[in-house]
Amino acid sequence: MPSNDRPRCDVCYDLEYELARTANHGCNGPYGNDQSIQTADNGSMLLFILGDLVRAQSKNCIFCALITHVDSSSGRTHLLRLSSDRTPVIDMDSARRRRRYEIYRPAEFAPELDANSIELEVSELSSIQHIPKRPEISSLPLSEKALAFIRTCIETCAREHNDCRQGMSHPPKRLIHIQDSGVAFVKVIETSPDFREPYIALSYCWGQGVHLKTTQSNILDMMTGIECTDLPSVISDAIRITDMLGFRYIWVDSLCIIQDDLRDWEEESARMCAIYEGAYLTIAASSAESANVSLSQRHARHEPTIFQCRQTIDCAAGNEASNTIQLAVREESGYGFHNEDAARRPDREPLHDRGWTLQEAILSTRVVFYTPTELQWQCLAVQTCECQVPPPTKPGVITTRAHMRGHPGKPRQLHEIFAAWDRIVETYTERLLTNPDDKLPALSGLAQLVHKNLSIAPRANAVDENNETLIPRQIGYIAGLWSDDLIRAMLWVPLQMAAQLPSKPLQTTTVTASLAGTNNIPNTTSIIIEEIPYYRAPSFSWASVDGPVTYRPRESNLSRDDIAYVETAQITDVWSQPAGVDSYGRLTSAGNPQIRGGSCTGVVLRAPLIEDCTLVWNTSKNMHNSPWTLREIEPLWDSLWLDTGFVKRFRVGDVPVLGGRKRGSNKGELEGTTPRWSVRRSYGGRRDAEKGVDMGGVCLLMMAQGARVQRFLLLGVSPSDPDAYERLGIVTISRVSGGGDLVRLSGGIPLHGNGVELEDGEWMGKGGVVSRMRTVTII
């Protein structure tokens, strides 16, 4: 409620939401173009005030005086954000980054001012009761104040949050044991099956530096004892915090997994879901870019400035008295869940750039994040932080495993779980991995969580026409995609720019050439550096490329919510071969030559296929992520997204012809052959791209259509198996412009449904394009 019917200051409206809302006068306020009030989309009030106007009022208004001290730039227009449930905010844009400063009342009056404090004198003190109180943030993350915040969160969670109560679970194979207070020595222990002591887990960035880790050669030494001074800063800090919170055990991947033992690594990485779910608390070192950076580092610019405001009052007999109040200003955190656009922030926390740590945060029951500005708490029930500013609402963002599970007694529907997995994939592919082989293992724990939720999700076809319960379909996981959603899941799109093919580190090949018959010329040596491609996932999986992908391209307008959505492709077979013990982890690069053509992972689809398409140089303004388009589409309306930056033409084999025509066209003519060409993803191909050489031999496989678009996979013949195809990209055809459907289905096709059985035949589309029903293998 407003403290007065009218504001004391009609420049800043006493930074009071209700007063600004009541006085909302659109473009121009009482001071003309120097002031305006607008309503934001979230309901908050936006005050735009010229700085000179605020400065002129600073002798009479405590709030204008405070704003002037925060930003004294001449000629700047101040933007103030006033909300009913948050502190007033001064929003500043600088050349480098956007900063927001919150104005609040200190929870405790500071009797002695420090060097960061400022004294102000004003003629009249405004009421400050509408300004929310906020606690001070701990200046040192390892201080007693910081630990008190964590203890309070743990106690509240244990007392009030039923969702966070943990049952008995199998412990990690190894833990670090803190033997005594003071933490001079710790040791790695192997747990027994009946071990039930609570433990803490650590989530952090390894970084590029070399630090102590457990190997086959030092495992016995690690189990004998480790001096904490030998450990990296992040790990030793986490051990100290564990000890100060009263816990005796902590799990750290680099110390609890034998790093050069492949089987041990695979077994323990496959248990990440259980390890982080079972941890009583996870410590997330958000601000540390490597293991050698201490948790105690903080950004000094977030230290608050205290404004002590005094009003001098003339009393009788010539005496003076004064009233004193205190306000404070500090830069808003802007990190962790306060960052409304973390993916695009240039200085976001290093932990959020690392692939492995996404599942560590989501799987954990309780997490305390050590951000650059404050401690933040997240459990399955709440999010809170030291600054007490409510986190913004972010629809669709998956932050805990509770979001995936749904409410007790009301599990998520299948389409909700698949949509949540899409968001996870989009977030995950924005992150980086040191080892490209970890693309699937670093998401294995989350895949296990999703699999569990899919197994209990209600299904629309749970009973047949006789009202008898159907046997649930077996849920398959194929290289980051789910068998029950495979058609739609294959329609991912590289985000913004074409992704890159993953590769092993550069390899150096030394070649020595001998010049025979020349005694005076020594042997010559050439060093060739080459990038060696390798297999990580099938081409139809987002895991086959590096770089961010999305399931929500702006131009697609295709989703299951579309009333006319129908999948025109049918799956007839799908298979996958894990490389190790983790069925959600790495895939083998060599399949069984006796099975399905020897490929290790693949899918067989039956769908309308447009053969012998041609990639041509795109001369339109609608470039998307590629300089290429298809001769068969309209580039002004339709869209082509190539999976990688380059494609390259290669010779598949020869096609028999008669007199230059295909066999059977004119019998009696001499037989011959013509080269058969196709296109594949490439690391290079720049020369062809610069020349704009047309590339034939690609195909379009129709996957789905909605009311406005049709979606196709762009395919090329596989270089490793001429009888199979590999994905090259995605094509979207606009149904409302550009000439209509590329595949005009017959009138008997239903308007809605997950899938439709198309009869054998052919369809004529726009531009005379012909598609035929075909069964194709994609690897």
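In summary, Asp438 and Arg586 engage in a salt bridge, as defined by a charged side-chain N under 4.0 Å from a carboxylate O. Between Arg151 and Glu144, at least one side-chain nitrogen of the basic residue sits less than 4.0 Å from a carboxylate oxygen of the acidic one, meeting the salt-bridge criterion. With respect to the salt-bridge test (charged N to carboxylate O, under 4.0 angstrom), the residues Arg271 and Glu267 do not qualify. By the 4.0 Å N-to-carboxylate-O rule, Arg423 lies close enough to Glu426 to be salt-bridged with it.
Using modelled atom types, one finds a donor on one side chain and an acceptor on the other under 3.5 Å when comparing Ser294 with Asp237. A side-chain donor-acceptor contact under 3.5 Å links Tyr204 and Ser254. If you check the side chains of Arg431 and Thr357, you find a donor sitting under 3.5 Å from an acceptor. Side-chain atoms of Arg165 and Thr365 include no donor-acceptor pair closer than 3.5 Å. Glu349 and Thr371 share no donor-acceptor pair across their side chains, judged by distance under 3.5 Å alone.
Under the 30°/60° scheme for interplanar angles, the aromatic rings of Trp482 and Tyr584 are found to be tilted. Note: Trp421 and Tyr477 have perpendicular aromatic rings, judged against thresholds of 30 and 60 degrees for the angle between ring planes.
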Side-chain donor-acceptor contacts of residues 273-288 below 3.5 Å, not counting sequence neighbours, with atom names and distances?
from   : atom 1 : to     : atom 2 : distance (Å)
Tyr276 : OH     : Leu202 : O      : 3.2
Thr282 : OG1    : Ser364 : OG     : 2.8
Ser287 : OG     : Tyr370 : O      : 3.3

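The minimum heavy-atom distance linking Trp356 with Ser269 is given by the pair CH2-CB, 4.2 Å. The nearest pair of heavy atoms linking Leu443 to Gln359 is C-OE1, 3.4 Å.
Sorted by first and then second residue, the ring pair (Phe, Tyr, Trp, His ring centres under 6.0 Å) pairs involving residues 143-182 (not counting sequence neighbours) are His177-Tyr249. For residues 223-245, no residue pair satisfies the ring pair (Phe, Tyr, Trp, His ring centres under 6.0 Å) rule, not counting sequence neighbours.
With sequence neighbours left out, the salt bridge (charged side-chain N to carboxylate O under 4.0 Å, His left out) criterion links Glu102 to Arg330. By the ring-ring contact (aromatic ring centres under 6.0 Å, His included) test, Phe185 is found to be paired with no residue, residues two or more places apart in sequence or in another chain being considered. Take Glu416 and apply the side chain to side chain donor-acceptor pair (under 3.5 Å) test, not counting sequence neighbours, and it matches no residue.
Side-chain N or O atoms of Asn218 include one that pairs as donor or acceptor with a backbone N or O of Lys213 at under 3.5 Å.
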Next item on the list: Begin from the C-alpha positions of Leu255 and Leu231 and carry the test side chain to side chain contact (heavy atoms under 4.5 Å, CB included) through to its verdict.
Entry: CA-CA 10 Å; Leu255 302 182; Leu231 294 173; 3.9 Å; yes

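Rounded to the nearest 0.5 Å, atoms CG (Leu351) and CG (Leu358) are 10.0 Å apart.
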